[in-house]
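Working notes, structure below.
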Amino acid sequence: MPLEPRQALKVRHAPPPPLLLGAYDALLERYAPPGFLVDTNRTLLHTFGDAGRFLAVRAGRVSTDVLELVNPNVRAGLGAALHRVVNGS
């Protein structure tokens, strides 16, 4: 009898070796176009390439909401794109 997803055992993998992570990060930095990895709550998880040029950190309380972090001139387009992705359209 198959296990329900909530009953299945979670397999824990060993973290990748630091050398492999360093090589992965170096390849992404060199070859990946500028980009952001965000979750469904718009939380910024990772940046790729030269994505920092699109970010503007303001003084005060820090936010991880990518729409609060990006420069105002790209906010509307990014917000529309994230909305389409989250809603599957």
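Computed from a prediction, not measured in an experiment: that's the story for all the values here.
Applying the side chain to side chain donor-acceptor pair (under 3.5 Å) test to residues at least two apart or on different chains, the pairs with a partner in residues 65-79 are Arg42-Asp65, Ser63-Glu68. Identified under the side chain to side chain donor-acceptor pair (under 3.5 Å) test for residues 76-86, with sequence neighbours left out: His83-Asn87. Residue pairs meeting the side chain to side chain donor-acceptor pair (under 3.5 Å) criterion with at least one member in residues 19-33: none, sequence neighbours excluded. The ring pair (Phe, Tyr, Trp, His ring centres under 6.0 Å) pairs that include a residue from residues 43-81 are His46-Phe48, where partners are two or more places apart or lie in different chains.
When all heavy atoms are compared, the tightest approach of Gly35 to Ala51 is O-CB, 3.3 Å.
Both Val74 and Val66 belong to a common hydrophobic cluster when Ile, Leu, Val, Met, Phe, Trp and Tyr are linked at side-chain heavy-atom distances under 4.5 angstrom. Hydrophobic clustering (side-chain heavy atoms under 4.5 Å, transitive across Ile, Leu, Val, Met, Phe, Trp, Tyr) groups Leu28 together with Leu45. Leu69 and Leu37 end up in different hydrophobic clusters when Ile, Leu, Val, Met, Phe, Trp and Tyr side chains are linked at under 4.5 Å.
With values rounded to the nearest 0.5 angstrom, Leu55 atom CG is found 6.5 Å from Leu44 atom CG. Between Leu82 atom CG and Leu67 atom CG the span is 5.5 Å, to the nearest 0.5 Å.
In terms of the side-chain contact (heavy atoms from CB on, under 4.5 Å) criterion, Leu19 has no residue partners (sequence neighbours excluded). Not a single side chain to side chain donor-acceptor pair (under 3.5 Å) links Asn41 to another residue, sequence neighbours left out.
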